[in-house]
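This chain uses plain numbering: 1 for the first residue, then up along the sequence. Every heavy atom of this structure was used, including side-chain atoms; hydrogens, water molecules and symmetry mates were not. Not measured: the values here are computed from a predicted model.
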Amino acid sequence: MTKFLLSVHVIAAILAIGPVAVAASMFPPAARRALSTRPGADDSHGDDGPDATGTLHLLHRICRVYAVVGVVVPVFGFATASEMGVLGSAWLIVSIVLTALAALVLAALVLPAQSALIEGRAEAGRAARLGMVTGLFNLLWAAVTVLMIVRPGSTTGA
């Protein structure tokens, strides 16, 4: 049962977190392109207006939908950890905290900033800050991934 739960957990992480990480990373440069083509902006970057706006909507939707789908990752993670008997392990607790922090960054910073840029409630500087926050989101997930693989102090041998 452990191998099944672990397999579902890893597949869910790849299929749910991966698209959010990629789409969120693509959003800031697309936002800068879209903002540069709005009326009154310097139009020297080409005519990306409607396509750039459509791209922003698509990337934001990917982030929103897969963020919800991503809830299955910790659910199967907890089930796997319980089955393995490692719920109290330090590496797992740190991973849980980092996962919660990544979810908070996504829900409180990334998604609202994307919405503000799409709706025109934010200036170009917000796109740069969004890039930084998105980098933090991705760094948190990279740290969780490393902890899941290395599992410092683990005696399970798996």
Within the 4.5 Å heavy-atom criterion, are Leu111 and Cys63 side-chain neighbours or not?
yes
Looking at every heavy atom in both Arg126 and Ala116, which two are closest together, and how far apart are they?
NH1-CB, 3.6 Å
Identify each donor-acceptor pair in which a side-chain atom of residues 14-32 lies under 3.5 Å from a protein atom, sequence neighbours left out, and give them as a table.
from	atom 1	to	atom 2	distance (Å)
Ser25	OG	Ala21	O	2.8
Ser25	OG	Asn138	ND2	2.8

Hydrophobic cluster identity match, Ile62 and Val68, side-chain contacts under 4.5 Å
no
Hey, are the side chains of Phe4 and Val8 touching, using non-hydrogen atoms and a 4.5 Å cut-off?
yes
Going through the distances and angles, do Leu98 and Trp141 end up as a side chain to side chain contact (heavy atoms under 4.5 Å, CB included)?
CA-CA 8 Å; Leu98 293 177; Trp141 278 116; over 6 Å; no
Side chain of His60, backbone of Gln114: donor and acceptor closer than 3.5 Å?
no
Testing the basics here: between Ile93 and Gly88, what is the closest heavy-atom pair and its distance to 0.1 Å?
CD1-O, 3.6 Å
Working to the nearest 0.5 Å, report the span between OG1 of Thr145 and CG of Leu140.
10.5 Å
Heavy-atom closest pair, residues Ala122 and Leu35:
O-CD2, 4.2 Å
Out of curiosity, does Val71 fall in the hydrophobic cluster containing Leu104 (side-chain heavy atoms, cut-off under 4.5 Å, transitive links)?
no
Please name the pair of heavy atoms, one in Leu56 and one in Ala34, separated by the smallest distance, quoted to 0.1 Å.
CD1-CB, 3.6 Å
Same cluster (ILVMFWY, side-chain, under 4.5 Å), Leu147 and Leu87
yes
Hydrophobic cluster membership, Phe78 vs Leu6, 4.5 Å side-chain cutoff:
no
Do Tyr66 and Val10 share a hydrophobic cluster, counting only Ile, Leu, Val, Met, Phe, Trp and Tyr and linking them when any side-chain heavy atoms are less than 4.5 Å apart?
no
Any chance you could measure Leu92, atom CG, to Thr99, atom OG1, to the nearest 0.5 Å?
9.0 Å
Per the side chain to side chain donor-acceptor pair (under 3.5 Å) rule, what does the pair list look like for residues 72-85, sequence neighbours excluded?
none
Exercise: identify the closest heavy-atom pair between Ile118 and His57:
CG2-CE1, 3.1 Å
